[in-house]
Amino acid sequence: MRIPMRTLETLDFDNRFAGLPEEFHSRVLPAPIGAPYLVDFNPDAAALIDLDPAEAARPEFVEYFCGRRLLPGSAPIAAVYSGHQFGVYVPRLGDGRALLLGEVRNSRGERWDVQLKGAGPTPYSRMGDGRAVLRSTIREYLCSEAMHGLGIPSTRALCIVGSDAPVYRETVETGATLTRLAPSHVRFGSFEYFAYTGQPAALARLADHVIAQHHPELLERPEAERYPAWFDAVVARSARLVARWQAVGFAHGVLNTDNMSILGLTLDYGPFGFLDAYQPRFVCNHSDSGGRYAFDRQPNIVWWNLAALAQALSGLIATEALRAALEHYAEVYAAAYVEAMAAKLGLREPGRDDGGLISDWLALLARFGLDYTNSFRALGRFVPGGDNRALRERFPDREAFDAWAQRYAARLAAEGSRDAERRTRMERANPKIVLRNYLAQAAIAQAQAGDFAEVARLRELLRDPYTERPGLDAYAAEPPDWGRHLELSCSS
């Protein structure tokens, strides 16, 4: 069935979050950037709100998505929330540089928040300018689409509108506005705010809002069951999300509770990083001097954040139910992680002893500092008892590889694995390319010079990161020397 396309002026807005009482948000008009121009447009994201991609060619497009004009039916607001930042509670945060324009319904019955990032100051800007820079905007734009291409739940990105107007960070940079889409932008910190400001009625109303919009199957349950079942779903979604991060080698960098989505989406891309050489204690954010958000600590940090959310919900849900859900986290995470990693090894079903096979493979990668993404991709060409020299020669200690390979071959034989079928499965579980920081930086440098072609090229490649493309192996290459130690901070 052909989906009817909409124009900018006929998007179907239905602003339910803006209809909540004033304690949930502040009504703010955007402060548009000067002399706007289109950097890139994402037709895949436009399809989520039934927007005709031809609309991006209209001069009004940049006017709407830099905030110079308001989309008909929109009702801009900045949401309030708080959160634990690096383990320290900050009582009032909120959308300091983001405005929720409203919620758009599509022809499939889905609803998508349309949010401008970098649209000017709000009551929650905390002395900030409410702006975003082109550098960080490109990083979020590309990574949110890269995560979607990898099959990992994420916010999406519709477009970047740039401007030559100066924005002051560590240096003077050019500004930009990102249009972000998501089923919801509600965060763990949204609930913490109402819990710690003594507003139990508002907290319950927010929970009811989230349940009604995103867990309607729970509405028929009595209240004593509904809220615990909802929190259990939040725990499970969060556990499965971080398991997918670990499997693909993604480090978020700033896992504060205000950056945790209540729907289990990857939210707020700052100093993220995909692993190059496998380092379990990889820290992608140079502001994180203590390594709180190191790659291998992410599963425990997500549990910590869920425990902080549980504390905020303790007036709504019985302690026993909260504790039971938190205890369920480890089981859900382990099952999701082993399932994902077994798929990366080409196994049809996870087995009882596969944890050791997985951890010993990772130990080999860590011991020799081998590339995470490329090593898994190369493993797809492994042939039990065959010529594996290309793979074997990656390992300085050949005997260590041989010992592991013998176990791997025995495991494949035990399930009757067929090499061609397994390779096909592994190439759908192990990406050819990921958004390495050096690739993002190269696109940023070209964009800062006025050439946006690499942004568009990466967006297109990352929408299907598993497919081999002739002539594009350079995008799967390990980083050059200049790209191995790029420093990223919370302003990234």
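- Classified by interplanar angle (parallel below 30°, tilted 30° to 60°, perpendicular above 60°), the ring pair Y438/W482 is perpendicular.
- Contact of the D258 side chain with the F188 side chain is not registered, since no non-hydrogen atoms from C-beta on lie closer than 4.5 Å.
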Quick one: do Y269 and S144 satisfy side-chain hydrogen bond (donor to acceptor under 3.5 Å, both in side chains)? Show the steps, please. CA-CA 8 Å; Y269 293 89; S144 58; 5.6 Å; no
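- Around the CD atom of E217, the shell of radius 6.0 Å holds more than 12 heavy atoms that belong to other residues, nucleotides or ligands.
- The number of heavy atoms from other shown groups lying within 6.0 Å of NE2 (H148) does not exceed 12.
- The SG atom of C143 lies 9.0 Å from the CG atom of N437; values are rounded to the nearest 0.5 Å.
- For the residue pair Y141/N42, the side-chain donor-acceptor check at 3.5 Å is not satisfied.
- Residues V167 and T174 come closest through the heavy atom pair CG2-C, 4.4 Å.
- A heavy-atom distance below 4.5 Å is not found between the side chains of N106 and D12.
- Classification of D296 and R281 as a salt-bridged pair holds, one side-chain N sitting under 4.0 Å from a carboxylate O.
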CA sep, side-chain torsions, deciding dist, call: V302, R297, side-chain contact (heavy atoms from CB on, under 4.5 Å): CA-CA 9 Å; V302 169; R297 290 179 173 171; over 6 Å; no
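- With respect to the salt-bridge test (charged N to carboxylate O, under 4.0 angstrom), the residues R463 and D44 qualify.
- Each of L100, T155, V114 was evaluated against R180; a single residue qualifies, T155, per the side-chain contact (heavy atoms from CB on, under 4.5 Å) test.
- Considering all non-hydrogen atoms of both residues, L11 and R6 come closest at CA-CD, 3.9 Å.
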Going through the distances and angles, do R131 and R97 end up as a side-chain contact (heavy atoms from CB on, under 4.5 Å)? CA-CA 6 Å; R131 297 298 182 196; R97 59 172 177 160; over 6 Å; no
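- Pairing each heavy atom of P280 with each of A366, the nearest pair is CD-CB, 4.0 Å.
- With no hydrogens or angles considered, no side-chain donor-acceptor pair links Q115 and T179 at under 3.5 Å.
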Using the rule given for side-chain hydrogen bond (donor to acceptor under 3.5 Å, both in side chains), can you reason through S107 versus D50, listing the C-alpha separation, both sets of side-chain angles and the distance that settles it, and then say yes or no? CA-CA 7 Å; S107 56; D50 295 345; 3.3 Å; yes
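- Rounding to the nearest 0.5 Å places CG of D371 at 4.0 Å from CD of E478.
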Test side-chain contact (heavy atoms from CB on, under 4.5 Å) on F17 and H25; report intermediate values, then the result. CA-CA 9 Å; F17 195 85; H25 46 66; 4.1 Å; yes
Apply side-chain hydrogen bond (donor to acceptor under 3.5 Å, both in side chains) to Q298 and Q246, showing your working. CA-CA 8 Å; Q298 290 185 135; Q246 301 306 110; 2.6 Å; yes
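- Other residues, nucleotides and ligands contribute more than 12 heavy atoms inside 6.0 Å of the CZ atom of R469.
- Nearest heavy-atom pair across G253 and C284 is CA-SG, 3.5 Å.
- At least one side-chain heavy atom of V254 sits under 4.5 Å from a side-chain heavy atom of P271.
- One distance of note links CD1 of I262 with OG of S184; it measures 8.5 Å at 0.5 Å rounding.
- Ion pair R156/E145 flagged as a salt bridge, since at least one NZ, NE, NH1 or NH2 atom sits closer than 4.0 Å to an Asp/Glu carboxylate oxygen.
- A cation-pi geometry, defined here as NZ or CZ lying under 6.0 Å from the six-membered ring centre and within 45° of its normal, holds between R292 and W304.
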Apply the test salt bridge (charged side-chain N to carboxylate O under 4.0 Å, His left out) to residues R169 and D129: give CA-CA distance (whole Å), side-chain angles for both, the deciding distance (0.1 Å), then the verdict. CA-CA 10 Å; R169 294 296 183 262; D129 57 13; 3.0 Å; yes
Residues 60-69 side chain polar contacts: donor-acceptor under 3.5 Å, at least two apart:
| from | atom 1 | to | atom 2 | distance (Å) |
| --- | --- | --- | --- | --- |
| E60 | OE1 | R58 | NE | 3.2 |
| Y64 | OH | E9 | OE2 | 3.0 |
| R68 | NH2 | I33 | O | 3.3 |

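- Here L142 contributes atom CG and I160 contributes atom CD1; the two are 6.5 Å apart, rounded to the nearest 0.5 Å.
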Could you walk me through whether Y124 and S26 pass side-chain hydrogen bond (donor to acceptor under 3.5 Å, both in side chains), step by step? CA-CA 9 Å; Y124 315 112; S26 297; 2.7 Å; yes
Start with the C-alpha gap between L150 and F250, add the side-chain angles, then the distance that decides, and say whether side-chain contact (heavy atoms from CB on, under 4.5 Å) holds. CA-CA 11 Å; L150 290 165; F250 173 78; over 6 Å; no
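- Looking only at side-chain heavy atoms (C-beta outward), L309 and E192 stay at 4.5 Å or farther from each other.
- Across every non-hydrogen atom of T373 and P431, the tightest pair is CG2-O, 3.3 Å.
- The pair E460-R457 does not meet the salt-bridge criterion, since no charged nitrogen lies less than 4.0 angstrom from a carboxylate oxygen.
- When ring centroids are compared, H252 and F272 stay outside the 6.0 Å threshold.
- Note that CD1 of I317 and CZ of R226 are 11.5 Å apart. Values are rounded to the nearest 0.5 Å.
- Once rounded to the nearest 0.5 Å, the distance linking CG of L99 with CD1 of I77 reads 9.0 Å.
- L29 is listed as a side-chain neighbour of L70, based on a closest heavy-atom distance under 4.5 Å.
- Checked for salt-bridge contact, K117 and E140 meet the test: a charged N lies under 4.0 Å from a carboxylate O.
- Pairs of residues two or more places apart, or lying in two chains, that qualify as ring pair (Phe, Tyr, Trp, His ring centres under 6.0 Å) and include a residue from residues 275-300 are F86-Y293, Y278-Y372.
- Enclosure of atom CZ in R428 by more than 12 non-hydrogen atoms of other residues, nucleotides or ligands within 6.0 angstrom is indicated.
- When all heavy atoms are compared, the tightest approach of Y475 to I433 is O-CG2, 3.5 Å.
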Output a table of donor-acceptor pairs, distance under 3.5 Å, between side-chain atoms of residues 227-239 and any protein atom two or more places apart or on a different chain; print 'none' if there are none.
| from | atom 1 | to | atom 2 | distance (Å) |
| --- | --- | --- | --- | --- |
| Y227 | OH | D208 | OD1 | 2.6 |
| R237 | NH1 | L263 | O | 3.3 |
| S238 | OG | V234 | O | 2.8 |

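- Taking 4.5 Å as the limit, every side-chain heavy atom of Q446 sits out of range of all side-chain heavy atoms of F452.
- For an aromatic pair to be called close, the ring centres must be under 6.0 Å apart, and Y81 with Y193 fails this.
- The closest side-chain donor-acceptor pair between S82 and Y196, if any, does not fall under 3.5 angstrom.
- With a 4.5 Å cut-off on side-chain heavy atoms, P200 and F194 do not count as touching.
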